[in-house]
Amino acid sequence: MTLKVNLITGRTINQGVTIENKTSSDYQEATACCELNSKEAGLLGKPGSNIKVKTKHGEVVVKLKENNGNPDGLAFIPMGPWANAVVDPDTKGCGMPGFKGIPAQIDATSEKVLLMKELIARYK
Amino acid sequence: MELLIKNGAVFDPKNGIAGDKTDISIKDGKIVDKVSTKASVIDAGGRLVMPGGVDAHSHIAGAKVNVGRIMRPEDTRSGIKPRTKLTRPCTGYTVPNVYAMGYRYAQMGYTTVFEAAQAIMKARHTHEELEEIPIIDKGALTLFGSNWPTMDFVREKDMDKLAAYVAWGLLASRGFGVKVVNPGGGEMWGYGKNVSGLDDVVPNFDVTPRDIIISLMKVNEMLGLPHSLHLHCNNLGKPGNYRTTLATLELAKQVKPSKDRQVMHVTHIAFNAMGGTNWMDFESKADEIANFLNNSENITTDMGQVIFGSATSMTADGPWQYTLSKLVHGKWSNGDVELEDASGVVPVTYYRQAISHAAMWASGLELALLTKDPYKVLLTTDHPNGGPFVNYSEVIALLMSSKKRQEEIKTLPPVFNERTKLPGINRELDFNEIAIMTRAGSSKVLGLLETKGHLGAGADGDVAIYDIKPDQIDPSVEHVKIKSAFSSAAYTIKGGEVVVKDGQITATPMGRTFWVDASVPGEHTEVMMKDIRNKFKNYYSIGLANYMVQDAYLTHPKVVKAGVVPVEVS
Amino acid sequence: MTVITDALCPFCGCMCDDITVAVENNKITEVKHACKIGAAKIMGHHRIKAPMMRTDKKGDFKEVSYDEAIEAAAKILADSKRPLMYGWASAFCEVHKKGIFLAEEVGAIIDNTATVCHGPSTLAVHEKGLPSATLGQVKNRADVVVFWGSNPVHAHPRHMGRYSVFAKGFFNEKGRKGRKVIVVDVRKTETAGMADEYIQVEQGSDYLIISALRAILAGQAAVVPDSVGGVTKEQLVKLVDTLKAAKFGAIFFGMGLTQSMSRYKNIDNAISLTTELNSFTKFVITPMRGHYNVTGFGQVCAWETGYATAVDFARGAPYYNPGETAANDVLTRKETDAAMIIAGDAGAHFPADSVRHLARIPVVQIDPYWNPTTEVANVVIPVAICGVEVEGTAYRMDGVSLRYRKLVEPEHPTDIEILEKITERVRKIRGD
């Protein structure tokens with residue numbers, strides 16, 4: 001099924017721990033994921049399974065993660081290149097892109113999570 | 001390097017020279033009696049020559065100034081000048097960037113400027129900016145009036161500990177002197193409150209502003225610091241505050257100076273000479289302050305002259321800044337510093353139409369014109385509180401021309417005549433008196449008269465030449481020429497180097513930063529440091545090991561030594 | 001083994017200055033007192049060994065000498081009509097000064113990471129000012145602390161312990177027990193889990209809620225609807241009562257406000273709320289700044305240019321207008337034709353559109369680490385790590401500046417050395 005959500009991005013402690021080590025698998029593990037509460041995550045698959053997040057601005061495959069702090073309809077991807085594949089680039093006249101509050105659709109997928117290099121290679 | 005300035009009409013009050021044609025010789029950055037024939041020569045051609053200007057109270061660097069810049073892009077947008085091969089870009093009017101700060105002072109013939117307030121904990125920031133201000137010599141006064149250790153030692157009546165703390169605080173902040181702002185009020189503002197006079201007790205510390213002022217005056221003289229206590233009075237900005245100011249001035253009688261200077265410098269009088277009970281019946285009481293000054297020997301002041309137009313109010317007087325922001329419905333920044341003091345920044349505009357502003361404008365002028373001895377009233381605008389320093393030439397013209405004052409008064413509300421004595425004052429200051437208020441006097445107040453503010457042998461080779469021939473001008477009538485000449489020096493010479501010619505920057509050497517290293521008996525420091533270590537362990541949010549300003553922030557230091565000397569207390 | 005005490009942590013805006021580091025044979029072997037993130041940063045990871053270059057961004061890098069890389073970097077900047085110099089937050093103020101000078105020299109736009117962090121907060125400060133205080137003032141006095149759209153447990157792990165929640169102070173000897181902690185957020189974070197009160201708001205409705213709080217504070221509760229942004233009126237009234245009852249209140253806000261709908265207007269409103277609370281009691285507000293020296297760049301840029309960030313030197317004099325001159329503005333408009341990315345990672349932290357443009361233009365990267373910016377770079381110049389291998393100045397989130405110690409000797413040149421050499425080369429190329 002397709003889950004319609006409001007997407008936000010932001011810091012997490014493991015994103016911080018690995019931020020100077022962005023070629024590592026630890027960084028990918030910390031940031032190439034999307035948090036939903038267990039009820040909504042359950043609609044898409046098991047934690048750790050691959051999901052595709054699509055917005056008007058792009059799409060990205062990340063791992064599904066549970067966080068029961070999230071209310072229904074709110075998805076969170078840690079800040080980083082995976083999150084930024086789908087955020088809103090419009091700075092609304094004040095320099096700040098739209099990193100929070102992006103309408104998104106999420107589906108289970110069998111596609112793989114791209115490595116950081118592969119992800120950035122898409123832009124070249 | 002040698003330089004000879006010939007045919008100048010020299011005004012050098014300290015050395016009794018008032019307009020005489022005198023040659024000035026400079027060698028290796030210092031004034032000397034004679035130079036060789038190899039010296040380069042500037043022919044002043046009868047034009048006005050004075051020592052380089054010295055400003056004892058201006059907000060040129062540090063946290064507050066930068067808060068002002070960040071909150072006022074509209075100010076930055078005025079006064080923009082692109083870079084040149086020699087100069088960095090300039091921006092701002094009331095809160096110029098560091099480069100404009102140095103260039104504009106030099107362009108006015110000023111060569112030495114003191115930042116009027118830095119909290120010890122934020123002194124590193126002050127020095128970061130001072131290090132970037134080109135040309136001028138500078139220094140910064142350090143805030144002590146609401147610091148917890150100050151109040152503790154005042155309560156304990158332990159002047160040895162307090163002296164040790166002041167000496168250590170000056171070292172920690174690389175400060176030049178003791179600044180006290182609304183003593184006790186900074187601490188009270190921690191809970192959004194204020195003191196209302198000299199005898200309010202500061203909760204938890206059990207001291208009064210009176211105790212703080214007297215104690216700091218005493219230790220200032222015990223330490224024989226070059227400068228005296230530098231005081232921003234309680235109740236600043238409140239109608240009727242002249243009574244608090246007069247009561248504060250009385251306190252100076254209790255301590256004898258350790259040197260040939262005042263024991264108390266009360267700053268920006270225009271904000272502390274207010275009569276009336278509210279903003280409607282507000283009147284200037286500067287005449288009463290001047291009267292007091294005329295009958296006392298050990299107090300100096302500065303004008304804090306208001307300039308109509310845009311200003312940025314910035315001070316450690318946190319509660320006043322909040323009040324001001326409510327008065328003007330303006331933007332408000334607040335900057336409490338843990339254990340030390342408060343601060344705030346509020347953009348303001350002074351309007352001719354507002355009688356309170358007009359009366360404040362009159363106050364500074366009245367003070368300068370009614371005080372007989374110009375050594376007792378320095379020329380300042382409390383930059384940028386009364387207005388930016390670039391308006392000093394306007395103030396000079398006002399002081400030198402009764403005609404100009406009357407022209408200005410015509411533009412003010414009719415009720416002005418009832419609220420100030422200014423319309424009836426005919427005194428016109430001469431070049432010698434202006435040289436005192438902007439050079440010799442400020443140097444004496446700072447305790448730097450040996451090397452600053454005069455042109456005798458041994459003084460710093462800092463000279464200003466203005467495009468006026470004193471014997472061919474009537475400043476009273478030709479005040480427009482006076483203003484124009486003082487706003488843009490024909491030459492400014494800093495340490496023997498021509499840094500300004502015809503108002504344009506010609507060289508950008510780095511000036512020095514003055515700070516005071518005061519010695520106290522080691523045992524006093526040891527006892528004092530026990531208290532300080534306890535404060536760092538429990539209350540400061542940083543470690544003692546990271547508190548003091550490191551040498552790296554003073555690449556051109558000028559250390560002035562001082563130390564414990566006996567003081568007579570009457 | 002050498003033990004260095006009172007060292008500063010070069011990760012977040014807390015700038016903890018109580019770190020102890022053990023050094024053996026010029027290698028850091030142990031870090032004490034730091035949080036997990038700080039320890040990771042200080043311990044370090046594998047580095048870019050040598051300068052690298054390539055002309056085809058899809059091709060592999062070739063290792064080159066520092067001189068070659070510097071010459072190539074200088075040429076890129078000197079040949080550019082609209083260069084962007086971005087990053088700066090993980091470097092010292094001394095580096096910023098050199099960077100601003102180079103930006104003047106080449107007529108660049110210089111912007112820092114605040115543009116994707118607290119840039120909108122600066123815009124709000126233009127409108128309203130910032131009633132704030134040093135963190136020690138909060139530690140000593142605060143009895144009500146609000147975290148709004150900020151999550152210190154994750155982003156500033158020692159903030160609560162050192163300054164805001166658990167810290168004991170002069171007027172608050174009880175620490176945590178002496179404080180009421182309120183968290184306002186869109187999801188129940190770990191920080192929210194530690195609060196006395198958690199107020200969950202609908203994402204993007206902060207402006208509405210702050211407006212409602214201001215109305216209630218002004219005695220106009222009657223105009224507030226029963227529910228605002230997912231919060232009941234009852235809860236809002238109770239919150240206002242709590243804020244008013246504080247002896248000293250502190251609000252710490254994060255990207256929940258700066259990045260959500262309304263952007264800087266959220267902060268503008270929150271500052272107004274803080275100012276208005278001062279009619280009742282003492283209240284201060286402080287942005288939770290991310291990188292340790294992102295605040296420092298704003299400070300240096302302000303005293304050098306008059307503006308805190310996003311400064312355009314194309315006209316020779318500083319020009320400033322975020323929305324027009326911020327990094328993502330010029331990238332998404334495809335306006336900039338070359339970029340230098342230093343001490344910040346645009347490749348990782350900019351939206352795909354911006355990175356796509358970076359992938360099309362010549363890019364110089366100056367950084368210790370291989371990261372997404374490296375993937376789109378043409379010239380990569382590795383440098384020593386500020387705060388670990390270099391000493392210098394940074395500004396804490398509350399504007400207190402501190403001097404970092406050098407913990408170990410660097411094997412790479414510093415940012416300052418590289419920028420000075422690039423500037424020198426640029427001047428030669430341009431015939432100055």
Side-chain angles (χ1 to χ4, degrees), chain B residues 61 63 65-67 69-77 80-83 85 88-92 95-99 121-122 124-125 128-129 132 148 189-193 204 322 325-326 330-339 344-346 538-543 545-546 550 552-553, chain C residues 5-6 8 17-18 93 97 101 104 122 125-141 162-163 167-171 247-248 275 278-279 281-284 298-300 302-308 313 315-320 391 393 395 398-403 432:
Chain B
V65 181
N66 227 26
V67 164
R69 294 184 186 111
I70 292 170
M71 74 194 279
R72 297 206 67 184
E74 76 280 11
D75 187 84
T76 295
R77 286 189 184 106
I80 284 184
K81 261 178 92 174
R83 77 200 300 255
K85 285 219 184 289
R88 305 283 298 267
C90 293
T91 60
V95 279
N97 64 338
V98 284
Y99 309 114
M121 192 170 173
K122 291 201 169 175
R124 200 172 287 99
H125 180 165
E128 277 220 277
E129 289 194 28
E132 294 281 301
W148 290 5
W189 184 241
Y191 280 121
K193 303 202 163 51
N204 301 297
Y322 173 67
S325 74
K326 299 255 288 190
K331 30 187 175 179
W332 171 51
S333 285
N334 182 66
D336 295 2
V337 181
E338 63 207 60
L339 288 87
V345 183
V346 178
N538 295 310
Y539 308 129
Y540 270 105
S541 65
I542 61 172
N546 293 313
Q550 293 86 351
Y553 298 94
Chain C
T5 57
D6 303 297
L8 284 96
D17 73 331
D18 61 344
C93 298
K97 291 175 198 170
F101 186 75
E104 280 177 23
T122 304
V125 171
H126 298 338
E127 299 288 319
K128 295 285 161 70
L130 189 72
S132 196
T134 64
L135 293 168
Q137 190 79 331
V138 174
K139 162 187 154 110
N140 284 309
R141 296 181 201 264
R162 277 173 62 82
Y163 311 121
K168 292 177 183 172
F170 187 80
F171 298 99
K247 285 200 187 98
F248 184 112
T275 301
N278 278 276
S279 298
T281 182
K282 182 69 182 276
F283 244 90
V284 298
Q299 295 287 342
V300 176
W303 76 56
E304 305 233 328
T305 75
Y307 304 119
F313 281 108
R315 296 158 175 86
Y319 173 83
Y320 165 78
E391 67 173 321
T393 318
Y395 284 70
D398 58 351
V400 171
S401 73
L402 293 168
R403 186 166 187 83
D432 290 338

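In this text the structure is predicted, and so the values were computed from the model without any measurement. Residue numbers begin at 1 in each chain, while the letters A, B, ... track the order of the sequences. Scope of the values below: all heavy atoms of this structure, side chains included, with no hydrogens, waters or symmetry mates.
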- Message: Counting only non-hydrogen atoms closer than 4.5 Å, does B/Trp148 touch chain C with its backbone (N, CA, C, O), its side chain (CB onward), both, or neither?
- Response: side chain
- Note on the structure: Between B/Thr76 and C/Thr305 the two heavy atoms that sit nearest each other are CG2-O, 3.7 Å
- Message: Show the nearest heavy-atom pair for residues B/Thr91 and C/Pro318, with the distance to one decimal.
- Response: CG2-CG, 3.7 Å
- Query: Which bit of C/Glu127 is near chain B, if near means a heavy-atom gap under 4.5 Å: side chain, backbone, both or neither?
  - Reply: backbone
- Answer with side chain, backbone, both or neither: which region of B/Lys85 has an atom nearer than 4.5 Å to a non-hydrogen atom of chain C? side chain
- Message: Which atoms of B/Ala545 are under 4.5 Å from chain C, going by heavy atoms: the side chain, the backbone, both sets, or neither?
- Response: both
- Message: Can you tell whether the side chains of B/Asp336 and C/Lys282 come within less than 4.0 Å, N to carboxylate O?
- Response: yes
- Message: Over 60° means perpendicular and under 30° means parallel, so tell me whether C/Phe171 and B/Tyr191 are parallel, tilted or perpendicular.
- Response: perpendicular
- Task: Sort B/Ala61 into side chain, backbone, both or neither according to what part of it lies under 4.5 angstrom from a heavy atom of chain C.
- Result: neither
- Query: Given that the side chain runs from C-beta out, which part of C/Thr5 has a heavy atom under 4.5 Å from chain B: side chain, backbone, both or neither?
  - Reply: neither
- Take C/Val400 and B/Met121 through the test side-chain contact (heavy atoms from CB on, under 4.5 Å) and record every step on the way to the result. CA-CA 7 Å; C/Val400 171; B/Met121 192 170 173; 3.9 Å; yes
- Test item: side-chain donor near acceptor, C/Tyr395 and B/Glu128, under 3.5 Å: yes
- C/Tyr307 versus B/Asn97: any side-chain heavy-atom pair under 4.5 Å? no
- Note on the structure: Closest non-hydrogen contact found for C/Gly316 with B/Pro89 is O-CG, 3.8 Å
- Message: Are C/Leu402 and B/Arg124 packed together at the side-chain level, in the sense that at least one heavy-atom pair is separated by less than 4.5 angstrom?
- Response: yes
- Message: Testing the basics here: between B/Asn66 and C/Gln299, what is the closest heavy-atom pair and its distance to 0.1 Å?
- Response: ND2-OE1, 2.7 Å
- Should the pair B/Arg77 and C/Tyr319 be classed as cation-pi, given the thresholds of under 6.0 Å to the six-membered ring centre and 45° from the axis? no
- Item | Shortest non-hydrogen separation from B/Gly190 to C/Gln137 and the atoms involved | CA-NE2, 3.5 Å
- Task: Considering only heavy atoms and a distance below 4.5 Å, find which of C/Asp18, C/Thr281, C/Thr275 pairs most often with chain B.
- Result: C/Thr275
- Item | Heavy-atom proximity to chain C below 4.5 Å, by part of B/Asn546 | both
- With rounding to the nearest 0.5 Å, note down the distance linking OH in B/Tyr322 to OG in C/Ser279. 3.5 Å
- Message: I need the B/Tyr540 OH to C/Asn140 CG distance, nearest 0.5 Å.
- Response: 10.0 Å
- Query: So do the side chains of C/Tyr163 and B/Glu338 get within less than 4.5 Å of each other, counting heavy atoms only?
  - Reply: no
- Which word best sums up how the rings of B/Tyr539 and C/Phe170 line up, parallel for under 30°, tilted for 30 to 60°, or perpendicular for over 60°? perpendicular
- Message: Rounded to the nearest 0.5 Å, what separates atom CZ in B/Arg69 from atom CH2 in C/Trp303?
- Response: 9.0 Å
- NE2 of B/His125 to OG of C/Ser401: how many Å apart, nearest 0.5 Å? 7.5 Å
- Task: Could you look at B/Lys81 and say if it's the side chain, the backbone, both or neither that has a heavy atom under 4.5 Å from chain C?
- Result: backbone
- Identify the heavy atoms of B/Gly543 and C/Asp17 that sit nearest to each other, and give their distance. N-OD2, 2.6 Å
- Message: What I want to find out is whether B/Arg88 reaches C/Glu304 closely enough, with some N-O distance under 4.0 Å, to be called a salt bridge.
- Response: yes
